[in-house]
Number of protein chains: 2
Amino acid sequence: MRADARENRARVLTVARELFAERGLDVPMAAIARRAGVGVATLYRRFPTKESLVMEAFAEQFAVCQSVIDDALQDPDAWRGLRTVIEKVCLLQACDRGFTAAFTASFPDLHAEARDRTWRNFGALVQRAKDSGHLRADFSPHDLTLVLVANSGLSSLPAEAAVAASQRLVAYLLESFRAGTDALPPPVPLSLDLVLR
Amino acid sequence: MRADARENRARVLTVARELFAERGLDVPMAAIARRAGVGVATLYRRFPTKESLVMEAFAEQFAVCQSVIDDALQDPDAWRGLRTVIEKVCLLQACDRGFTAAFTASFPDLHAEARDRTWRNFGALVQRAKDSGHLRADFSPHDLTLVLVANSGLSSLPAEAAVAASQRLVAYLLESFRAGTDALPPPVPLSLDLVLR
DNA sequence: TGCTAAGTGGAGACCCCCGTCCACTTGAGG
DNA sequence: CCTCAAGTGGACGGGGGTCTCCACTTAGCA
């Protein structure tokens, strides 16, 4: 590949990541091209379809996400591991408007192997957390889906509010997931005054 | 208005409500027209713009929603009132894909008077619930927004799953909102096996 | 420096959406 | 039954999206 082409390709990816994060996946290809200072044809030469650009743009984040999960799943403190999985993935979602959409859209396509392994590991983690007495017994692994989908709804908020809201939501939910609830940890303060008036 | 016209108008509204509920607000006008057995022009004769059709279609639900809230706000048992507001509005959202979008889109336009009154009443309810010792002291009225926005994210799930998920989410959150948390009420069982594989 | 394949940009084909226009049809009162 | 205003449907304009085509430019090697 020629040097200038490689540079263009990299710039396109950077710009795409920025715009997807700010404005979600429905930003037009033409906008990405303009901001990257190239023509539309250049985009389609490197990425035959918009979907392929999305996948490429988020590949890095997927890897990060995967390793975050894998690490947490290995945590000897099962409750801390569970908490970490939820907190980190939710933060990723809240910081990047496009990530959620890309994630759920690609999830079925991630080769079943990796998906099933993660899911199995998570199930094991849940069981360990229950056994350790920190996680309520009626917690279901599907509650992870519940949290992620609920958290994804927050991406309709303005960017700064989304992070604050996500942290507060996660704090509330984690509190419900705990078994004992001895002391109530106060949820993260929230500044949502701007939202809905 | 002529008899057949009145009938057509009614049928359009019914169909619009169905389709908005099933598929959200971005169902094309042409689809509504086709399913109602009329031409596009007939839609636009009765509803000058798509937005006006949306508003008209959801007017009834808005009224229901408003009265649900007003009733709950009057409840002498403040905690029960708060619970009811959250449960009922979330259920409305979960049952109707279009409702959330229509609600947030129209919320700024509902004449400021009604909006402010509801918001003031809710603030008072929150205060009463805190005073009664049932609601945690650091609960913010903005947490209502948080719950509604999070709950709205569930509408990306298939219809049946959305209701179950919403109920479980609300049960978890309400538990966190309670002050004492003496006994942990088990959350509603969840059947999300179909989701994300 | 000159050649050539790789690379490029912009016009435009194609599609889907909202909303309008206009020639045609029909309900219902006299 | 006749009339005509009210009602109707489908074609169409305008805008915005994805993706393609093609004449032109340029990097990189001999």
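Just so we're on the same page: letters track the sequence lines, and every chain starts at 1.
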J.: Should B/Thr49 be listed as having a side-chain N or O under 4.0 Å from OP1 or OP2 of C/dC18?
T.: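 Looking at the OP1 and OP2 atoms of C/dC18, neither is under 4.0 Å from any side-chain N or O of B/Thr49.
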J.: Which residues pass the side chain to side chain contact (heavy atoms under 4.5 Å, CB included) test with B/Ser156, sequence neighbours left out?
T.: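 Side chain to side chain contact (heavy atoms under 4.5 Å, CB included) list for B/Ser156, sorted by chain: A/Val149.
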J.: Could I get the full list of side-chain hydrogen bond (donor to acceptor under 3.5 Å, both in side chains) partners for A/Arg34, not counting sequence neighbours?
T.: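 side-chain hydrogen bond (donor to acceptor under 3.5 Å, both in side chains) list for A/Arg34, sorted by chain: empty.
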J.: For A/Arg11 and C/dG7, give me the distance from atom CZ to atom C1', rounded to whole Å.
T.: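 Result: 13 Å.
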J.: Check nucleotides 15-17 of chain D for protein N or O atoms closer than 3.5 Å to its own N or O atoms and list the pairs.
T.:
none

J.: Tell me: CZ of B/Arg23 to P of C/dC17, nearest whole Å?
T.: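 Interatomic distance, CZ of B/Arg23 to P of C/dC17: 9 Å.
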J.: May I have the distance from B/Asn8 (atom CG) to C/dT25 (atom P), rounded to whole angstrom?
T.: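 Those two atoms, CG and P, are 17 Å apart.
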J.: How would you list, by chain and number, every residue that makes a side chain to side chain contact (heavy atoms under 4.5 Å, CB included) with A/Asn8, sequence neighbours excluded?
T.: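 Checked A/Asn8 against side chain to side chain contact (heavy atoms under 4.5 Å, CB included); matches are A/Arg11, A/Val38.
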J.: When Ile, Leu, Val, Met, Phe, Trp and Tyr are grouped by side-chain heavy atoms lying under 4.5 Å apart, directly or through other members, which residues fall in the same group as B/Val68?
T.: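 Under the 4.5 Å side-chain rule, B/Val68 groups with B/Val64.
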J.: What residues, two or more places apart in sequence or in another chain, satisfy side-chain hydrogen bond (donor to acceptor under 3.5 Å, both in side chains) together with A/Asp131?
T.: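 Scan of A/Asp131 (side-chain hydrogen bond (donor to acceptor under 3.5 Å, both in side chains), adjacent residues dropped) gives A/Gln127.
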J.: Tell me the interatomic distance from B/Leu25, atom CG, to C/dC17, atom C1', rounded to whole angstroms.
T.: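 Going from CG in B/Leu25 over to C1' in C/dC17 covers 15 Å.
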J.: Between P on D/dT8 and CD on B/Glu7, what's the gap in Å once rounded to a whole number?
T.: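 Roughly 10 Å, once rounded to whole Å.
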J.: Taking DNA chain C as the partner, which of residues 39-47 of chain B come within under 4.0 angstrom of it by heavy atom?
T.: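 Those residues whose heavy atoms fall under 4.0 Å from DNA chain C, taken from residues 39-47 of chain B in numerical order, are B/Ala41, B/Tyr44.
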J.: Are A/Phe177 and B/Tyr172, when compared by the centres of their aromatic rings, separated by less than 6.0 Å?
T.: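 Yes, the ring centres sit under 6.0 Å apart.
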J.: Would you tabulate the nitrogen or oxygen pairs shorter than 3.5 Å linking the protein to nucleotides 28-30 of chain C?
T.:
| unit_1 | atom_1 | unit_2 | atom_2 | d |
| --- | --- | --- | --- | --- |
| C/dA28 | OP1 | B/Ala3 | N | 3.4 |

J.: Rounded at 0.5 Å granularity, tell me how far CZ in A/Arg115 sits from OG in A/Ser106.
T.: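 Separation between the atoms: 10.5 Å.
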J.: Write down the atom of A/Ala101, the atom of A/Leu25, and the distance for their closest heavy-atom approach.
T.: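 Answer, listing the atom of A/Ala101 first, then A/Leu25: CB-CD1, 3.4 Å.
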J.: Going by side-chain hydrogen bond (donor to acceptor under 3.5 Å, both in side chains), name the residues that satisfy it together with B/Asp4, two or more places apart in sequence or in a different chain.
T.: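 side-chain hydrogen bond (donor to acceptor under 3.5 Å, both in side chains) list for B/Asp4, sorted by chain: B/Arg2.
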J.: Return the set of residues passing ring-ring contact (aromatic ring centres under 6.0 Å, His included) with A/Tyr44 (not counting sequence neighbours), or none when no residue passes.
T.: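 A/Tyr44 satisfies ring-ring contact (aromatic ring centres under 6.0 Å, His included) with no other residue.
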J.: Rounding to an integer number of Å, can you tell me how far A/Leu53 CG sits from D/dC19 C1'?
T.: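 It is 13 Å, rounded to the nearest whole Å.
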J.: Under 3.5 Å, is there a donor-acceptor pair between the A/Ser176 and B/Ser176 side chains?
T.: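 There is such a pair (donor and acceptor under 3.5 Å, judged by atom type) between the side chains of A/Ser176 and B/Ser176.
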J.: Applying side chain to side chain donor-acceptor pair (under 3.5 Å) as the test, list every pair that has at least one member in residues 82-95 of chain B; sequence neighbours left out.
T.: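 Only B/Gln93-B/Asn151 qualify under side chain to side chain donor-acceptor pair (under 3.5 Å).
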J.: Note every stem involving DNA chain D: at least three consecutive Watson-Crick or G-U wobble pairs, i with j then i+1 with j-1, with both distances under 3.5 Å.
T.: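 Stem segments, range with range: C:1-30 with D:1-30.
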J.: Assigning hydrophobic clusters by single linkage (Ile, Leu, Val, Met, Phe, Trp, Tyr; side-chain heavy-atom cutoff under 4.5 Å), is B/Val12 placed with B/Met55?
T.: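 As far as the 4.5 Å side-chain criterion goes, B/Met55 and B/Val12 are connected within one cluster.
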